[in-house]
Structure formats: C-alpha cells, structure tokens
Amino acid sequence: MPVFFRHPSSLQHDTGWGHPERAERIRAVEAGLERRDWLGWERREAPRATEEQLLAVHPREHLDAVREMSARGGAFDLDTPTSEGSWEAALHAAGGACALVETLLGEGERAGFAALRPPGHHAEPARAMGFCLFGNAAVAARHALDSLGADRVFILDWDVHHGNGTNAIFHRSREVLFASIHQYPFYPGTGPLGDVGSGEGEGYSLNLPVPAGAGEDVFCSLAQHVAIPVARRFRPDLILVSAGFDGHRLDPVGGCTLETASYSALARQVRALADELDVPVGAVLEGGYDLGALAGSVAATMEGLADGDEPPAVARDRLADVAAKVVGRYWEL
Ligand SMILES: [Zn+2]
C-alpha cells in the first residue's frame with residue numbers, strides 16, 4: 001500500500017495574511033483526499049528530521065538561524081517569513097521526506113508522498129529563501145545515499161520554479177541526477193539550460209527551462225524525451241519528485257498552463273521509469289497555490305505514481321531538441 005506522510009505541525013507554520021504558501025494548502029489537499037478515501041493509501045505521521053540528517057546538507061549555523069528566526073517570528077526575506085511554529089513544521093517537513101525514503105528503500109514500498117510544509121527546493125545549504133527553510137527533498141536524497149544504501153538518486157523537479165536549492169546542494173555531485181523543468185526567466189532567476197552542474201557533477205544537472213505559457217505538451221515532452229532517457233542511463237536506486245503544482249493554469253503565482261490531468265501524465269511517466277528500473281518513487285510537496293488545483297493535482301499525482309499503466313507517447317516538442325543538444329554532450333539520447 002503506498003504511504004502518505006503528513007503532520008499537524010504543517011498547519012502551525014504561519015506565514016501571515018495574504019501569503020500564498022499557507023496552512024490552507026495542506027487542509028485543501030487532505031480534505032480532497034479524505035473525500036476520496038485517501039485513494040487507498042496508508043497515512044503516517046511524519047517524524048522530525050534528526051540533526052544528523054539536516055547537518056548532512058545544511059551547516060549548523062543554518063539550523064541555528066532557522067530555530068532562532070522562528071522563535072522570534074522574524075522573516076528571512078519578504079517571501080520567507082516564520083512564526084513560532086515554523087521550526088517544528090520545518091523539522092517534520094524534512095523528516096517526512098526522510099521517512100518516505102526509509103519506507104521506500106527499507107520496507108520495499110513502491111510509491112509514497114510526503115505532503116508537508118514549508119516546501120524545500122529553494123533552500124540553499126546556508127540560506128532560507130522562496131518560502132523554503134530546509135531542502136526537504138535534498139535532505140531525503142542525502143539520507144538515502146548516506147544511510148540507506150542508495151548509490152544514485154534521480155530527482156525530477158516539476159515545480160514551475162527552478163529548484164535552485166536542490167541544484168546548489170548537488171551541483172558538484174554525480175550521486176544525484178537533478179532534472180528541473182521550470183518557467184524561465186522567472187523566480188529565482190537561476191537554472192538556464194547551460195547550467196549542467198560543475199566539477200565531478202558536470203552533466204548531472206539537467207536544467208530544462210520553458211517559456212511562460214508552456215503546458216502539458218512541453219513539460220511531458222521534456223520529461224519523456226530528455227529527463228527520463230538520461231535517468232534511464234543514470235540507473236538510480238531511488239526516484240524522488242519535487243512535486244510542485246504551481247505550473248497549473250489556475251495557479252496565481254506561476255505562468256504556465258498545465259491541467260490537473262497533466263500531473264497524472266507526468267507521474268505515469270515517472271512510474272513507468274521506476275517500474276522499468278525496478279526502483280521506488282517518492283514525491284515531496286513543493287509549491288502550488290490555487291487550493292482546488294493543488295488538491296486535485298496532488299491526487300492526480302498519487303494516482304499516477306501508484307498506477308501501472310503505460311504512459312501515453314508524447315510528441316517531441318522543439319524545446320526537447322534544443323535541450324538535447326546540450327544534454328547530449330554528456331548523455332547518449
Ligand atoms: Zn514553485
């Protein structure tokens with residue numbers, strides 16, 4: 001039975017009036033799933049991340065900064081306020097992602113979802129930003145590599161924003177293949193096609209920018225014709241999805257035009273890759289700010305990840321050819 005990680009502390013991270021990254025997001029996701037009997041998934045409480053798990057990605061000064069900022073309810077920047085409950089929420093958001101990979105690699109479960117907040121993919125090693133305090137998906141990937149026997153982890157980030165934090169954390173690493181499909185130019189300004197990683201990790205960052213207005217055809221084409229063929233050659237032991245839903249056409253923050261069903265299509269592609277490689281796949285919640293679109297898209301993703309159907313073939317978009325020219329220097333496509 002696939003596993004869904006949650007925790008009530010996600011509701012205690014108060015970002016203040018009018019902030020799009022708000023507790024209602026989690027309430028909407030859970031209410032939608034409750035109405036559908038949780039799609040048959042098992043619910044589990046997310047534990048706190050341990051200090052050791054966090055310190056594998058973030059310096060101690062960053063942990064101290066998040067704890068102290070939360071205690072006084074201060075803000076890291078205009079986008080990234082905290083409240084008294086933020087520290088506890090952040091610990092459980094990272095801890096839920098770690099528990100997810102433990103379930104996948106330790107218990108042999110095929111699929112799971114960690115749906116907590118704050119999100120994580122903008123958090124750099126020593127910097128909270130873009131609504132994110134700790135790099136939840138990165139912390140989980142590092143935990144899988146350090147403690148759970150994984151040698152290689154593939155992270156697909158389909159949030160509409162570039163996952164600059166995850167990308168920075170693994171920029172020089174070949175243990176993690178990081179692929180991000182994101183609107184560009186857009187916040188946070190990073191993630192051009194030419195950023196392929198550095199040092200030992202050159203070729204292991206796949207930045208796949210798309211223009212505003214891009215929809216399912218473009219996202220699915222880049223996944224099917226660029227990211228997934230590279231991941232197939234990379235042969236990961238674990239697949240993680242940084243699952244943000246702000247590329248939905250109803251999203252008030254992003255400028256793309258994905259439909260709810262588009263996330264099911266993307267998830268089915270990832271599921272098919274996981275089945276082919278015989279490895280598990282876990283999704284970690286990132287953005288998504290229209291409550292209805294978010295709730296529907298999380299459910300669509302869960303269905304796609306648990307499903308065994310062949311994903312539909314996707315026509316090759318022009319952007320896949322452009323990306324293949326760069327990525328093809330490192331990987332046979
Ligand atoms: Zn986002």
Side-chain angles (χ1 to χ4, degrees), residues 10 13 15 18-26 28-29 76-81 89-90 93-94 97 113-124 127-138 155-169 178-192 195 205-216 218-219 222-223 227 240-260 262-263 266-267 283-298 300-301:
S10 287
H13 168 52
T15 46
H19 198 291
E21 204 293 285
R22 58 211 194 274
E24 285 73 16
R25 298 176 63 232
I26 299 295
V29 166
F76 284 98
D77 57 36
L78 283 175
D79 289 330
T80 320
F113 203 120
L116 300 109
R117 61 185 284 278
H121 73 153
H122 293 307
E124 295 181 349
R127 185 181 180 201
M129 61 177 276
F131 316 164
C132 301
L133 301 179
F134 295 133
N136 307 325
I155 302 177
L156 174 62
D157 186 329
W158 73 43
D159 186 279
V160 81
H161 301 97
H162 177 235
N164 62 293
T166 314
N167 202 177
I169 289 161
F178 175 71
S180 177
I181 306 174
H182 49 270
Q183 185 178 333
Y184 185 89
F186 199 43
Y187 182 88
T190 47
D195 179 4
S205 295
L206 311 181
N207 281 304
L208 306 171
V210 303
E216 177 175 327
V218 174
F219 274 72
L222 286 169
L240 291 176
V241 178
S242 253
F245 301 97
D246 39 11
H248 196 285
R249 69 180 171 82
L250 296 178
D251 193 88
V253 174
C256 287
T257 56
L258 296 174
E259 302 285 344
T260 301
S262 309
Y263 292 104
L266 283 165
V284 178
L285 181 64
E286 302 288 359
Y289 306 104
D290 178 87
L291 298 182
L294 171 67
S297 301
V298 167
T301 299

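Both ligands and their constituent atoms are indexed starting at 1 by order of listing.
Here Phe131 and His122 keep their ring centres 6.0 angstrom or further from each other.
Put simply, His161 gets within reach of the Zn ion (ligand 1), with an N, O or S atom under 2.8 Å from it. At a threshold of 2.8 Å, the Zn ion (ligand 1) has a backbone or side-chain N, O or S atom of Asp159 nearer than that distance.
Nearest N/O/S atom of Asp246 with respect to the Zn ion (ligand 1) is recorded as OD2.
Of the inter-residue distances, the one linking Asn167 atom CG with His182 atom NE2 reads 8.5 Å to the nearest 0.5 angstrom.
Residues Arg25 and Leu285 form a side-chain contact, since some pair of their non-hydrogen atoms from C-beta on lies under 4.5 Å apart.
Annotation: side-chain hydrogen bond (donor to acceptor under 3.5 Å, both in side chains) contacts of Gln183 (sequence neighbours excluded): none.
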